[in-house]
Novice: 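Here it is: the structure, laid out below.
Note on naming: letters A, B, ... go to the chains in the order of the sequence lines (proteins, then strands), and numbering restarts at 1 for each one. All values reported here derive from a predicted model rather than from experimental measurement.
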2 protein chains.
Amino acid sequence: MKTHTIQVTVDLVILTIQEQQLRVLLVKRGVRPFEGECALPGGFVREDESLEEAAARELEEETGTKNIFLEQLYSFGDPKRDPRGRVVTVAYYALISPDRAELAAGSDAASAAWYPVAKLPKLAFDHPNILDVALNRLRGKLEYTTVGFELLPKKFTLSDLQQMYEVILNKSLDKRNFRRKVLAMGILRPLKEWQQTGRKPARLYSFAPQT
Amino acid sequence: MKTHTIQVTVDLVILTIQEQQLRVLLVKRGVRPFEGECALPGGFVREDESLEEAAARELEEETGTKNIFLEQLYSFGDPKRDPRGRVVTVAYYALISPDRAELAAGSDAASAAWYPVAKLPKLAFDHPNILDVALNRLRGKLEYTTVGFELLPKKFTLSDLQQMYEVILNKSLDKRNFRRKVLAMGILRPLKEWQQTGRKPARLYSFAPQT
DNA sequence: CCAAAAGTGTTAGGAGTACACCCATGG
DNA sequence: CCATGGGTGTACTCCTAACACTTTTGG
């Protein structure tokens, strides 16, 4: 049987919300090809680890944090997607709340930074495509799952929650309908705490999945 | 940079409906490991083809047919999933209508046959898991897309359509509500033909996406 | 007292669900 | 004439969407 010289990598679309913007973690490439351009973080899958483990390892290397939401996205294997040779990449996406979205200091992530997805720099390889798939997946899942809470801190206001939805879906939502709907889901625990920011204090809530 | 000796395959979950049952194409393994057990068809990705092309090639080899619905499912890369070595597989699922679901005579598919998913034989590798993911994907997509029509011939009755849904979702649906709903979608073209089978002739329809 | 964001109800339309009988045909 | 599957309508509930004003606080 012929031996195939295909290399397998994982690439990560790590998303967070900062300054009311959806942002993605990108690293600046220091080597050719695409030297000087931005790219999604990623790396080779080691021989003794699963795809998920490889993705989690890369994710921890970039962010210095464990226990982050991580889900497989799609696999990309066009023969020409990497000019250096045949590389199949399994893309994952991760969601990290702003209070944990500090970047690892050391690591190969020295050049990593958060870029608003609404105003992206030029991306290397087929990474624009990968990011696009990730955003569509996130938008889809937002509608019928509770993944969105991964992008919020433990305590948040209903306005925080709504803004998160608005930023990701890129459209504005009706405040009253939104509040009625999320409260009816029975997944929010109202806290006896209020956010004292600026004007009228806003009630804080925490996420409490299906009682 | 270290060279990784990971091999990349595609595995196929090819589904059809026969005799009012959802069925999957399986091949009987003639070699170890898992000799004598059933497995999903699949094969190595060649160096000059994309993942999708590899899947389409395998699909045509098994079924002798082109232009079949084919979509990437998920990638599986546990280091122990194949006892022979490190193999990452990119799974695809395909839907083929019963009138095209004849099997290729020659090919390595000599041992291929359609098995009801409700009553499966023992499957090799992690293929039970792959099939499970495929069925869940299909059930999910059935609710918010029109993929289901891929499992029907060009002309079908509303009862055919409903049975297809019932078989896949494994639950019975209300006839009047079902008909009202699918007709309201405006994606069915009523034909001036009737199916003359047994008793009262049933009207035939064809699938006509968003006018 | 003013600016800014928090908070709150009602109505109308559409979608989903439950439910039972008559019809056309072939044997 | 009977067995079989084809075909049809209504009422109720629930979800969704549209829409505007009052409250609380800090400055």
Novice: What residues, two or more places apart in sequence or in another chain, satisfy side chain to side chain donor-acceptor pair (under 3.5 Å) together with B:Arg180?
Specialist: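 In terms of side chain to side chain donor-acceptor pair (under 3.5 Å), with neighbours along the sequence ignored, B:Arg180 is linked to B:Asn177.
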Novice: Whole angstrom is fine here: how far is it from CD in A:Gln196 over to P in D:dT25?
Specialist: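 Rounding to the nearest Å, CD of A:Gln196 and P of D:dT25 are 8 Å apart.
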Novice: Using a strict cut-off of less than 4.0 Å between a Lys/Arg side-chain nitrogen and an Asp/Glu carboxylate oxygen, indicate whether B:Arg139 and B:Glu143 qualify as a salt bridge.
Specialist: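 Salt bridge between B:Arg139 and B:Glu143, a charged N being under 4.0 Å from a carboxylate O: no.
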Novice: When the nearest nucleotide of DNA chain D is assigned to B:Ala202 and to A:Lys200 on a heavy-atom basis, which residue is associated with the more 5' position?
Specialist: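 Checking each residue's closest nucleotide, the 5'-ward one belongs to B:Ala202.
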Novice: Kindly list each side-chain donor-acceptor pair under 3.5 angstrom involving residues 8-22 of chain A, sequence neighbours excluded, with atom names and distances?
Specialist:
from, atom 1, to, atom 2, distance (Å)
A:Thr9, OG1, A:Thr89, OG1, 2.8
A:Asp11, OD2, A:Thr89, OG1, 3.0
A:Asp11, OD2, A:His127, NE2, 3.4
A:Thr16, OG1, A:Ile96, O, 2.7
A:Glu19, OE1, A:Arg23, NH2, 3.3
A:Gln21, OE1, A:Arg23, NH2, 2.8

Novice: Please list, by residue number, the residues of residues 174-183 of chain A whose heavy atoms come closer than 4.0 Å to an atom of DNA chain C; answer none if no residue qualifies.
Specialist: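 By residue number: A:Lys175, A:Arg176, A:Arg179, A:Arg180.
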Novice: Can you pull out how bent the helix from C:dC1-D:dG27 to C:dG27-D:dC1 is, comparing the axes over its first five and last five pairs, to 10°?
Specialist: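 Taking five pairs per end, the axes differ by 0°.
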Novice: Do A:Arg57 and A:Glu49 sit within salt-bridge range, that is, some charged N less than 4.0 Å from a carboxylate O?
Specialist: yes
Novice: At a heavy-atom distance below 4.0 Å, what parts of residues 152-170 of chain A sit against DNA chain D?
Specialist: none
Novice: Take atom CZ of A:Arg203 and atom P of D:dT25, then tell me their distance rounded to the nearest Å.
Specialist: 14 Å
Novice: Side chains of residues 184-196 of chain A: which donor-acceptor partners sit under 3.5 Å, not counting sequence neighbours?
Specialist:
from, atom 1, to, atom 2, distance (Å)
A:Glu193, OE1, A:Lys155, NZ, 3.1
A:Glu193, OE2, A:Lys155, NZ, 2.9

Novice: Whole angstrom is fine here: how far is it from CZ in B:Arg199 over to C1' in D:dT4?
Specialist: 6 Å
Novice: Write down the distance between CH2 (A:Trp194) and C1' (D:dG26), rounded to a whole number of angstrom.
Specialist: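 Rounded to the whole Å, the gap is 19 Å.
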Novice: Identify, with sequence neighbours excluded, every residue that meets side chain to side chain contact (heavy atoms under 4.5 Å, CB included) alongside B:Lys119.
Specialist: none
Novice: Got a second to check how far B:Glu150's CD is from B:Met164's CE, nearest 0.5 Å?
Specialist: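 Atom-to-atom, B:Glu150:CD and B:Met164:CE are 9.5 Å apart.
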Novice: Kindly write out the residues that satisfy ring pair (Phe, Tyr, Trp, His ring centres under 6.0 Å) with B:Phe156, not counting sequence neighbours, or none if the list is empty.
Specialist: B:Phe149
Novice: Contact boundaries of DNA chain C with chain A (under 4.0 Å, heavy atoms), 5' to 3'?
Specialist: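 First and last nucleotides in contact are C:dA4 to C:dT10.
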Novice: Applying salt bridge (charged side-chain N to carboxylate O under 4.0 Å, His left out), can you list everything that pairs with B:Asp160, at least two apart in sequence or on another chain?
Specialist: none
Novice: Taking only residues two or more places apart in sequence, or in another chain, which ones meet A:Asp99 in a side chain to side chain donor-acceptor pair (under 3.5 Å)?
Specialist: A:Ser97
Novice: Between B:Lys122 and B:Glu37, is the closest basic N to carboxylate O distance under 4.0 Å?
Specialist: yes
Novice: Side chain to side chain donor-acceptor pair (under 3.5 Å): which pairs involve residues 67-78 of chain A, sequence neighbours left out?
Specialist: A:Glu71-A:Tyr93, A:Glu71-A:Lys141, A:Gln72-A:Tyr92, A:Ser75-B:Ser75
Novice: With a 3.5 Å distance limit and no angle check, can you tell me whether B:Arg81 reaches the backbone of B:Val88 through a side-chain donor-acceptor pair?
Specialist: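 Checking the backbone N and O of B:Val88 against the side chain of B:Arg81, no donor-acceptor pair under 3.5 Å is found.
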